[in-house]
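Each remark here refers to the structure printed beneath this line.
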Amino acid sequence: MNAPNTPTANGALKAVCIYCGSSPGENIAYREAAALLGRTFAERGIRLIYGGGSVGLMGVAADACLAGGGEVIGVIPQLLVEKEVGHKHLTKMHVVENMHERKALMTDLADGFIALPGGYGTLDELFEALTWLQLGYHVKPVGILNVAGFFDHLLKFIDHARDERFLRPQHHASLSIDVDLTKLLEKMQAAEAPDTAKWLDGHKREMTV
Ligand code: AMP
């Protein structure tokens, strides 16, 4: 793990972990965005780290990256391999014991994280990456690719959490958001990690008032 409270990558994002649906979703724009992301990563030489599935948007992004000659690394728990949803043609597949190991390894292998449309699994992974950033367990940028406004309601809720003072403005601001992948990657590269020390001090102060 990197030292807390240093700026996030601010340089090349050489490996990016994506969180996205194991379903394709309704709107074709979701599949198009996942395919474009895969192709773009291949073109730019960004290694794609993901959950290792062959299904849904996960499979679309992985296939597009591989077809473009890119590198795709999967991290999948044994249970999902047994259910035969693992991708069979990745550059490399890490088979791990459980979901905790999977998340930890995905975090280690990536320089940043992007959520695309998805369900509980995607949201769980996105919020864990944000929570770990908030606490200083990693200092890597986290972004949302807001395809076709999929995340609009969630982003409003996050604003509400900030307005109601459950989320500090600096942590609210640590999430990069864009509808355009190139712009999102630029924002992530420029992102600064929140100051963990201040956050912890603030909490200690509040608890003693
Ligand atoms: P969901 O958004 O609920 O479809 O879950 C997708 C996220 O959870 C992905 O980013 C994966 O890491 C993980 N996941 C859920 N289902 C699968 C699956 N069938 N194969 C591999 N990973 C999965």
Side-chain angles (χ1 to χ4, degrees), residues 13 15-41 46-66 70-133 137-138 140-155 157-158 175-177 181 184-185 188:
L13 290 169
V16 172
C17 177
I18 63 160
Y19 306 131
C20 61
S22 53
S23 305
E26 179 67 19
N27 191 337
I28 194 173
Y30 306 144
R31 273 164 279 163
E32 288 170 352
L36 180 61
L37 178 142
R39 285 198 299 275
T40 306
F41 277 22
I46 299 172
R47 192 176 309 122
L48 176 61
I49 315 294
Y50 85 119
S54 58
V55 289
L57 295 189
M58 306 170 77
V60 172
D63 287 343
C65 189
L66 290 167
E71 236 185 291
V72 183
I73 314 294
V75 184
I76 197 162
Q78 183 63 41
L79 190 73
L80 291 180
V81 176
E82 284 158 20
K83 289 190 177 160
E84 295 188 338
V85 291
H87 200 294
K88 303 249 178 340
H89 307 289
L90 301 183
T91 314
K92 184 167 177 130
M93 180 75 102
H94 296 274
V95 180
V96 293
E97 281 296 311
N98 53 48
M99 295 293 276
H100 298 295
E101 267 186 36
R102 174 201 234 180
K103 286 176 174 173
L105 184 55
M106 283 163 84
T107 306
D108 281 351
L109 293 174
D111 302 318
F113 313 92
I114 295 179
L116 283 84
Y120 282 152
T122 302
L123 296 173
D124 169 56
E125 291 166 332
L126 168 66
F127 283 111
E128 185 162 284
L130 284 168
T131 308
W132 289 13
L133 176 62
Y137 283 101
H138 73 73
K140 301 171 181 182
V142 183
I144 284 181
L145 188 63
N146 192 15
V147 185
F150 177 80
F151 287 100
D152 286 354
H153 292 96
L154 184 72
L155 294 171
F157 181 77
I158 292 174
L175 175 61
S176 304
I177 305 154
L181 178 63
L184 179 63
L185 288 168
M188 287 170 65

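The model shown is predicted, which means the values in this text are computed figures rather than measured ones. Just so you know, ligand 1 is whichever comes first in the structure, and atom 1 is the first atom listed for that ligand.
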Ile114 side chain reached by Met188 side chain, heavy atoms, under 4.5 Å
yes
Taking only residues two or more places apart in sequence, or in another chain, which ones meet Ser54 in a side chain to side chain contact (heavy atoms under 4.5 Å, CB included)?
His87
Any Leu37 side-chain heavy atom under 4.5 Å of Val16 side chain
no
Pocket residues around ligand 1 (non-hydrogen, under 4.0 Å) come out as Tyr19, Cys20, Gly21, Ser22, Gly51, Gly53, Val55, Met58, Leu80, Val85, Arg102, Gly118, Gly119, Tyr120, Gly121, Thr122, Glu125
Sequence neighbours left out, cut at 3.5 Å: what donor-acceptor pairs do the side chains of residues 18-30 make with other protein atoms?
from: Asn27; atom 1: OD1; to: Ala29; atom 2: N; distance (Å): 2.9

Please round to the nearest 0.5 Å and tell me the distance separating atom CG of Leu154 and atom CZ of Phe127.
4.5 Å
Partners meeting salt bridge (Lys or Arg N to Asp or Glu O under 4.0 Å) with Arg31 (sequence neighbours left out):
none
